[in-house]
There are 2 protein chains.
Amino acid sequence: MDFVHLLISNNIKPSLQRIKIFEYLYDNREHPTVDTIYSNLVGDIPTLSKTTVYNTLKLFIDNGITSTVTIEDNEVRYDAIMEEHGHFKCDNCGNVYDVEIDISALKFKEIKSFKVEKTNIYLKGKCNKCLNKIN
Amino acid sequence: MDFVHLLISNNIKPSLQRIKIFEYLYDNREHPTVDTIYSNLVGDIPTLSKTTVYNTLKLFIDNGITSTVTIEDNEVRYDAIMEEHGHFKCDNCGNVYDVEIDISALKFKEIKSFKVEKTNIYLKGKCNKCLNKIN
DNA sequence: ATCTAATTTTGTAATCGTTACAATTTTATA
DNA sequence: TATAAAATTGTAACGATTACAAAATTAGAT
């Protein structure tokens, strides 16, 4: 995966910080928070500032290569956008998994009243790993 | 609508504050924030504290008669739970509308890997009112 | 009714995630 | 190499939420 050209083709100058942050998002699909991203990169980039992580993620979002996952009230997670998908959070282990959902199949009554530009689907429950551990 | 008995039957003692807060949620379907609820009730209950609004909503959620709507990163909204439904937020006027969606029709590949207990569907875009105004 | 204990409400202070902002550093251009 | 523009950084400020202890209210027993 060529992150430099992905950034350039989305009008983002590929600074070291931006490359590393996007690389982290792309490689680590656990939908990390700002703190997680910062903690895992500050070893690589000792001067890294948390403000830079915030700024960079905002830039990614504005340019359409990242989205937020707000499956939980008290935490904002980030996701490198690939194909459209939903999210499942296990309320036992806290992990957030990607879920392949055919969003175009969603039918609803008020469909003529709104022009829908974005769809987020959030599922919660227990993942199989936890179900097996608990029982 | 008999809010007193609704609270009692959900193991919640019907204090004035609790009745008024649930009544507000039930009657005002714009999915208000804590601030909105507080501002609209403090006239009725002059001693009302914002902490009470937080405490009460948490109690409602724990007892299953309220849920949160986190369609936006930076605001938590509240919803008196009725039948299962999705939400649409117009990014022009900011209003959040209820949307009737048949959630049971959602099919996804990983369905066997998770025990889904709750589903949230968030749509964003433009409502017809705003579309007509803009054009 | 009255006393006592339990519950609920309240206000203040603390916490934590996020943003504002100005200074510094880095990059691009002439 | 000099200058301007852009990106990064650290600190301070902000705002939503929570912790906590005091005050007020309610419920139960006598």
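Chain letters run A, B, ... following the sequence lines, proteins first and then strands; every chain starts at 1.
Using a 4.0 Å cut-off between charged nitrogen and carboxylate oxygen, Lys107(A) and Asp102(B) do not count as a salt-bridge pair. Ionic pairing of Lys118(B) and Glu84(B) is not present here: no N-O contact between side-chain nitrogen and carboxylate oxygen is shorter than 4.0 angstrom. A salt bridge between Arg29(B) and Asp79(B) is absent, with no side-chain N of the basic residue lying under 4.0 Å from a carboxylate O of the acidic one. A salt bridge links Glu117(B) with Lys115(B); the closest basic N to acidic carboxylate O contact falls under 4.0 Å.
Hydrophobic clustering (ILVMFWY, side-chain heavy atoms < 4.5 Å, transitive): Ile81(B) and Phe88(B) are in distinct clusters. Linking ILVMFWY residues whenever their side-chain heavy atoms come closer than 4.5 Å, directly or via other members, leaves Val69(A) and Phe60(A) in distinct clusters.
OP1 or OP2 of dT9(D) sits under 4.0 Å from a side-chain N or O of Thr47(A). At the phosphate of dT17(D), OP1 or OP2 sits under 4.0 Å from a side-chain N or O atom of Tyr54(B). In this structure, Ser15(B) reaches the dT9(C) phosphate: one of its side-chain N or O atoms is under 4.0 Å from OP1 or OP2. Residue Gln17(A) places no side-chain N or O under 4.0 Å from the OP1 or OP2 atom of dT26(C). The shortest distance between the side-chain N/O atoms of Thr52(A) and the OP1/OP2 oxygens of dT9(D) is below 4.0 Å.
Distance, Arg77(B) CZ to dT17(D) C1': 18 Å, rounded to whole Å. Between the OH atom of Tyr78(B) and the P atom of dA16(D) there is a distance of 12 Å, given to the nearest Å. Whole-Å rounding puts the Leu16(B) CG to dT9(C) C1' distance at 11 Å. Tyr38(A) places its OH atom 16 Å from the C1' atom of dC16(C), with the value rounded to the nearest Å. Between the CG atom of Leu41(B) and the P atom of dT10(C) there is a distance of 11 Å, rounded to whole Å. If you take NZ of Lys20(A) and P of dT8(D), they are 14 Å apart, rounded to a whole angstrom. Look at CG on Asn55(B): it is 10 Å from P on dA19(D), rounded to the nearest Å. Between Leu48(B) atom CG and dT8(C) atom P the separation is 16 Å, expressed in whole Å.
Between the axis at the start and the axis at the end of the helix from dA1(C)-dT30(D) to dA30(C)-dT1(D) there is an angle of 20°, using five pairs per end and rounding to 10 degrees.
Each of Lys13(B) and Asp35(B) lies near DNA chain D, and the nucleotide nearest Asp35(B) is the one positioned closer to the 5' end. Projected onto DNA chain C by closest heavy-atom contact, Arg18(B) and Val34(A) fall at different nucleotides, the more 5' of which corresponds to Arg18(B).
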Fill in: Test log, rule salt bridge (Lys or Arg N to Asp or Glu O under 4.0 Å), inputs Glu23(B) and Arg18(B)
CA-CA 8 Å; Glu23(B) 184 182 26; Arg18(B) 291 170 177 177; over 6 Å; no
Worksheet item: How far apart are the C-alpha atoms of Glu72(A) and Arg77(A), what are their side-chain angles, what is the distance that settles it, and do they pass the salt bridge (Lys or Arg N to Asp or Glu O under 4.0 Å) test?
Response: CA-CA 9 Å; Glu72(A) 207 69 74; Arg77(A) 291 162 169 266; over 6 Å; no
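A heavy-atom distance below 4.0 Å to DNA chain D is reached by none of the residues of residues 62-76 of chain A.
The aromatic rings of Tyr26(A) and Phe3(A) stand perpendicular to each other, their planes meeting at an angle above 60°, with 30° marking the opposite boundary.
Only one option out of Asn95(A), Asp98(A), Thr36(A), Thr68(A) pairs with His31(A) in a side chain to side chain donor-acceptor pair (under 3.5 Å); it is Asp98(A).
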